[in-house]
Amino acid sequence: MRTVVAVTERVAETPSTVTLRFPYPTAAVPGQFVMLWVPGDDELPMSLSYTDGPSKGVTVKAMGGTSRRVQSIRPGDRVGIRGPYGNHFDLSPKRVLIVSGGSGAAALAPAAGRSIAAGSSVTVALGATRAPELLFKERFRAMGAHVEVATDDGSEGAKGFVTAVADRLLQSESFDAVWTCGPEVMMKKVIAAAAPRSVPVFCSLERHMKCALGMCDACAIGPYHVCVDGPVFPAPRLENLSDFGTFHRDSSGRRVPL
Amino acid sequence: MRTVVAVTERVAETPSTVTLRFPYPTAAVPGQFVMLWVPGDDELPMSLSYTDGPSKGVTVKAMGGTSRRVQSIRPGDRVGIRGPYGNHFDLSPKRVLIVSGGSGAAALAPAAGRSIAAGSSVTVALGATRAPELLFKERFRAMGAHVEVATDDGSEGAKGFVTAVADRLLQSESFDAVWTCGPEVMMKKVIAAAAPRSVPVFCSLERHMKCALGMCDACAIGPYHVCVDGPVFPAPRLENLSDFGTFHRDSSGRRVPL
Amino acid sequence: MAELAVRCAGVNLRNPFLLASGVWGESGESLAGAWSAGAGGVITKSIGSVPRPGYPNPTIEAYERWGLLNAMGLPNPGIDEYPREIEIARRAGATVIGSIFAGDPEEFARLAVRMAATGVVALELNLSCPHAEGFGTEVGGTPENVEKVVRAVTKAVTIPVIAKITPNTGDAAGLALAAQRGGASAVSAINTLRALAIDVHLRRPVLSHGLGGLSGPAIKPVGLACVWQIFEKVTIPVIGVGGIASAQDALEYVMAGARALEVGTQVTFDGIGVFGRLATDLSRLLDELGFARLEDAVGVAHRASSVPPE
Amino acid sequence: MAELAVRCAGVNLRNPFLLASGVWGESGESLAGAWSAGAGGVITKSIGSVPRPGYPNPTIEAYERWGLLNAMGLPNPGIDEYPREIEIARRAGATVIGSIFAGDPEEFARLAVRMAATGVVALELNLSCPHAEGFGTEVGGTPENVEKVVRAVTKAVTIPVIAKITPNTGDAAGLALAAQRGGASAVSAINTLRALAIDVHLRRPVLSHGLGGLSGPAIKPVGLACVWQIFEKVTIPVIGVGGIASAQDALEYVMAGARALEVGTQVTFDGIGVFGRLATDLSRLLDELGFARLEDAVGVAHRASSVPPE
Ligand SMILES: Cc1cc2nc3c(=O)[nH]c(=O)nc-3n(C[C@H](O)[C@H](O)[C@H](O)COP(=O)(O)OP(=O)(O)OC[C@H]3O[C@@H](n4cnc5c(N)ncnc54)[C@H](O)[C@@H]3O)c2cc1C
Ligand SMILES: Cc1cc2nc3c(=O)[nH]c(=O)nc-3n(C[C@H](O)[C@H](O)[C@H](O)COP(=O)(O)OP(=O)(O)OC[C@H]3O[C@@H](n4cnc5c(N)ncnc54)[C@H](O)[C@@H]3O)c2cc1C
Ligand SMILES: Cc1cc2nc3c(=O)[nH]c(=O)nc-3n(C[C@H](O)[C@H](O)[C@H](O)COP(=O)(O)O)c2cc1C
Ligand SMILES: Cc1cc2nc3c(=O)[nH]c(=O)nc-3n(C[C@H](O)[C@H](O)[C@H](O)COP(=O)(O)O)c2cc1C
Ligand code: FES
Ligand code: FES
């Protein structure tokens, strides 16, 4: 079920994120993820940051041990890929607001791309800790998206949380849908901001994953399994889940604060 | 892989042969056989004597224990069926001579039927020990075949072997093919009779069968497995096989005289 | 519609299809979800004395729709935290069976007491993990060990105890008999078959642990043989598990001697809706074959057979 | 093209793919046919002291293309008549390995002498039939019995002896080690897994014998685990068998530790042409993966793995 592929291209997107491209002809839809196996280390869920054509890609942020190890992968190195798994963004809305925190842009960029190609207008509220960490800013712009930026330290765009930018945009413009990916607390705020305007919000969630087949329960949140019922959830499904934005489960299945 | 079916009809064809009909929609071609499981007893290869439509049939001669047990089956009783297996008669020849010994008519009758329906002319040399044992005589006639009969005791038709009738027909008429099924010594004689006239002969063979999947080797004759390479063989494939007409293998795989 | 409710190991089940341990069993909401999808009962993930993260990924490998290899490494939140999850499932009305694993009879007994205190209706002892060192064959590989563990547990608790037998043995029936001697109320068979996959491009085992366990349709014929042989030897009920994907599979197990069933891997292939479907289909199949109650079909294939068991 | 020829158990094989015992092995012409289809060698049907008809039909049950259940019951013409068949295969140039089965060490030794006299290049001892009373676990189920049988045979003959190990055990490696102690030149693993199918309409086992053995792709992961564990313990060559359907399957076995391979069930699904195809495909696959010789890949997965065997 796994395909071992040699990485063809490595792009340092920001100081902390790296994109790996590899041949993987299986069709994929923006929002879906793959399981990326780093032989000898671990296998991690990664959103496809490039979904179109035979060459796919993932964009990985340095977090713990394995993601750092992923970053040291060079063209020619081999990784295992299975998937794509999960559901995806509904690309039918014509006016979309994207709210991206940190590496969340990885899941959102291909959705923006296909959406604009299909004639939609896309506005991106792009957040990061500091200017160099703004992931896919140029890529979004090159697609034709309108990009507004926020950084924690104010080194580019608005200073502070990207949710403030999103809030402003939601007040000043009309949108048919909001797509968001990033820390759950951020997504919770996005949901709150969109609520008064009745704009439907779709959140892409991250949970610990093992099987990605809806079996092992590692990725359970409330009645859902993020690997098969998600990763994209309409906000109403999440709002009543006590763990959303507060708890996740670690590798042993223990509930631990986010 | 087996389908358990309830027998719908039982016809005593001759004093020693019984036809069982049963629903079995899988498509079949004349010449093919099924494995007929008599629960609690054994499973035997049986040519399909009725190949057309969803109701198939086999015609069984009382030989040893199991075939006698088959004859005691009544409508409503259940049997297991798998198949159809094996190759089949090539129905393209326009003028066909059929030479049938004993229960061989079971394999040949459906071939005659489809052949005549497709516009061919079919002559049948039908042999049996005695008149009441002439299997499918009326069925062949009703199809429009020309039937000539031989019985060992002369109780109907020519007295003696059906091969004599076949020999006469081959001398007096032109045929594009000969199809034969019956004791191997009989089929050997048919091949010999057809040789001077260069009429191709196709023989349907019987060998001990277990798997019917070309694996267990029970049905081996020379380099062939009757279950997958046969049961229908063009004569040239058989002529150089030392066992043809002389030896077969018993259930243990020992070569024993026919 | 034929009656699917059965009593097995002293537990009333609304239908024989239990969620197998290790599938959808880490969180209370998932257990509750399996129950509301129609499972006759739910068995928890095997819980140990302390939290265990399990092995690193890759932990699974799938073979089309006929097999699944896993070496999760018994990840579980540990008995201190797990009662919370059971509580959620019980509040949803689920019939919950608590699965536990341990390294020796004493640890089994201590854990059993804690698990029993959560209000589960029965315990299942995982005596059969094929890939976790110290918790598999070590406790479940010989009749002596099985008997010791089961006896220690049955002495410690009052609720029914089900011993889950390994198929990685020459004599599953001997292990089951030992469980019966130890006081088990039922045995379940089978756990996964010890198995391996290798990635030829990377020249290494696929699973991080190397060896794992095979489940799914591929092991149904093996599970049936175990249940058949066990049924010939024991008098306590047998719970059939391994590769059940259809009502027909289920009925094969029942006719081989199973009174209840567990379903695991098929949840992966069909989703949790498999429970509702299995119950409906089995009831229909029993009708078609002239059985008024599932119970009437338990073990019937032994009577028909003229062939002595091995 | 990568070199497929290997020397295994003192026998030179033009390629590693041997016809497995029990498939196409009753008649000399079939053995010859498998050889001319490209098999690296052919193993005869397991031959006993006297002719044996085997069990009545049904003797097999197929599961799509992933599994096959059989209980043939060791039909064979007996050692008096069988040399004729071997002679036919040898005249065709085939490398023939003679498989034998018996009920005790003495009978094994007597049969071995007779089989060796036919000119086979090696013997394979069937210590692992999962369904024939008196010839399966009875002779191959414990290390003690395996060692006794193998020792009796290796004392009686001078040609190499291969012990075929059962997977119906908790410890295949222990059995293999016993075979090595007994003097075996190689071990082969695995034979079929004990298994069962039930016909729910007829309420009885499908096979006349009831229990049978499972083969085909379904058992590949189990065979790989056995070969892996055996390779860790023994120094003699291991022959991998069980569910080999593709060059990739073959290479998995080789990387797990197999020096030669046997192919049985896939002959049913693909026809005898499977041998030519496997050899061509494997040679290509080795090229692609940078192996000049099959030999270089034997056991490589053990080196890569950081995980200790169980
Ligand atoms: C559907 C999905 C899509 C994702 N897409 C991306 C992406 O596009 N880019 C990106 O950089 N990251 C993505 N992640 C997160 C990524 O999988 C890892 O969680 C992250 O890389 C940290 O891994 P680590 O082992 O380096 O960190 P560790 O130091 O081991 O752990 C840091 C955090 O990562 C979590 N983690 C560890 N292993 C896993 C696992 N198997 N599954 C999920 N979380 C795990 C831990 O629970 C912990 O909270 C995605 C996660 C999911 C579920
Ligand atoms: C392809 C094929 C088609 C056949 N079609 C018919 C048919 O249409 N009508 C018909 O009456 N018979 C047919 N037979 C023969 C039939 O399968 C049996 O051989 C026959 O019915 C005798 O079986 P028994 O068990 O009653 O006899 P037994 O007394 O057991 O044996 C009598 C003979 O039958 C042979 N036999 C027993 N078991 C088998 C077996 N599993 N496979 C083959 N031969 C066996 C024995 O070798 C022996 O020579 C066919 C056989 C084959 C191979
Ligand atoms: C991913 C996975 C995890 C499992 N975890 C456990 C476990 O923790 N305890 C246990 O007793 N069995 C465990 N099993 C075994 C199953 O409960 C079941 O016995 C086995 O999978 C066969 O049934 P199936 O073919 O229906 O899956 C696990 C199986 C799988 C596939
Ligand atoms: C129909 C059949 C008959 C078999 N007969 C024998 C036998 O006589 N002796 C033996 O050692 N193994 C026998 N086997 C086992 C095979 O040799 C082999 O070990 C097993 O089938 C696994 O390999 P496969 O999956 O490639 O078939 C038989 C297998 C089948 C399917
Ligand atoms: S990762 Fe296993 S259920 Fe989602
Ligand atoms: S019946 Fe088994 S090979 Fe033909």
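Per chain, numbering begins at 1; letters A, B, ... match sequence-line order. Just so you know, these numbers use all the heavy atoms, side chains as well, and skip hydrogens, waters and symmetry mates.
Residue contact with chain B, scored on non-hydrogen atoms closer than 4.5 Å, involves the side chain of D:Leu68 exclusively. In this structure, the portion of B:Met35 lying under 4.5 Å from any heavy atom of chain D is its side chain and not its backbone. Looking at B:Pro39, the atoms closer than 4.5 Å to chain D (heavy atoms on both sides) sit in the backbone and in the side chain alike.
With respect to chain B, the highest number of heavy-atom pairs below 4.5 Å among D:Gly22, D:Pro51, D:Ala32, D:Gly54 belongs to D:Pro51. The candidate with the highest count of non-hydrogen atom pairs below 4.5 Å against chain B, out of D:Ile60, D:Val206, D:Ile88, is D:Ile60. Between chain D and the options B:Ala212, B:Ala220, B:Cys211, B:Pro223, the largest number of non-hydrogen pairs under 4.5 Å is found for B:Cys211. No other option in D:Gly33, D:Gly28, D:Gly271, D:Pro58 has as many heavy-atom pairs under 4.5 Å with chain B as D:Pro58.
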Distance-only check: which donor-acceptor pairs of chain B and chain D lie under 3.5 Å?
{"from": "B:Met1", "atom 1": "N", "to": "D:Glu61", "atom 2": "OE2", "distance (Å)": "3.4"}
{"from": "B:Arg2", "atom 1": "NH1", "to": "D:Ile60", "atom 2": "O", "distance (Å)": "3.1"}
{"from": "B:Arg2", "atom 1": "NH1", "to": "D:Glu61", "atom 2": "OE1", "distance (Å)": "2.5"}
{"from": "B:Arg2", "atom 1": "NH2", "to": "D:Ile60", "atom 2": "O", "distance (Å)": "2.6"}
{"from": "B:Asp42", "atom 1": "OD1", "to": "D:Asn57", "atom 2": "N", "distance (Å)": "3.0"}
{"from": "B:Glu43", "atom 1": "O", "to": "D:Asn57", "atom 2": "ND2", "distance (Å)": "3.0"}
{"from": "B:Arg78", "atom 1": "NH1", "to": "D:His201", "atom 2": "O", "distance (Å)": "3.0"}
{"from": "B:Arg78", "atom 1": "NH2", "to": "D:His201", "atom 2": "O", "distance (Å)": "3.4"}
{"from": "B:Met209", "atom 1": "O", "to": "D:Asn57", "atom 2": "ND2", "distance (Å)": "3.0"}
{"from": "B:Lys210", "atom 1": "NZ", "to": "D:Pro53", "atom 2": "O", "distance (Å)": "3.0"}
{"from": "B:Gly214", "atom 1": "O", "to": "D:Trp24", "atom 2": "NE1", "distance (Å)": "2.8"}
{"from": "B:Met215", "atom 1": "O", "to": "D:Trp24", "atom 2": "N", "distance (Å)": "2.8"}
{"from": "B:Asp217", "atom 1": "OD1", "to": "D:Ser30", "atom 2": "OG", "distance (Å)": "2.6"}
{"from": "B:Asp217", "atom 1": "OD2", "to": "D:Gly25", "atom 2": "N", "distance (Å)": "3.4"}
{"from": "B:Asp217", "atom 1": "OD2", "to": "D:Glu26", "atom 2": "N", "distance (Å)": "2.7"}
{"from": "B:Asp217", "atom 1": "OD2", "to": "D:Ser27", "atom 2": "N", "distance (Å)": "2.8"}
{"from": "B:Asp217", "atom 1": "OD2", "to": "D:Ser30", "atom 2": "OG", "distance (Å)": "3.4"}
{"from": "B:His225", "atom 1": "NE2", "to": "D:Ser30", "atom 2": "OG", "distance (Å)": "3.2"}
{"from": "B:Arg249", "atom 1": "NH1", "to": "D:Glu85", "atom 2": "OE2", "distance (Å)": "3.0"}
{"from": "B:Arg249", "atom 1": "NH2", "to": "D:Glu85", "atom 2": "OE1", "distance (Å)": "3.2"}
{"from": "B:Arg249", "atom 1": "NH2", "to": "D:Glu85", "atom 2": "OE2", "distance (Å)": "3.4"}
{"from": "B:Ser251", "atom 1": "OG", "to": "D:Pro53", "atom 2": "O", "distance (Å)": "2.8"}
{"from": "B:Ser252", "atom 1": "O", "to": "D:Asn76", "atom 2": "N", "distance (Å)": "3.4"}

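When the salt bridge (Lys or Arg N to Asp or Glu O under 4.0 Å) test is applied to B:Asp52, the partners found at least two apart in sequence or on another chain are B:Arg114.
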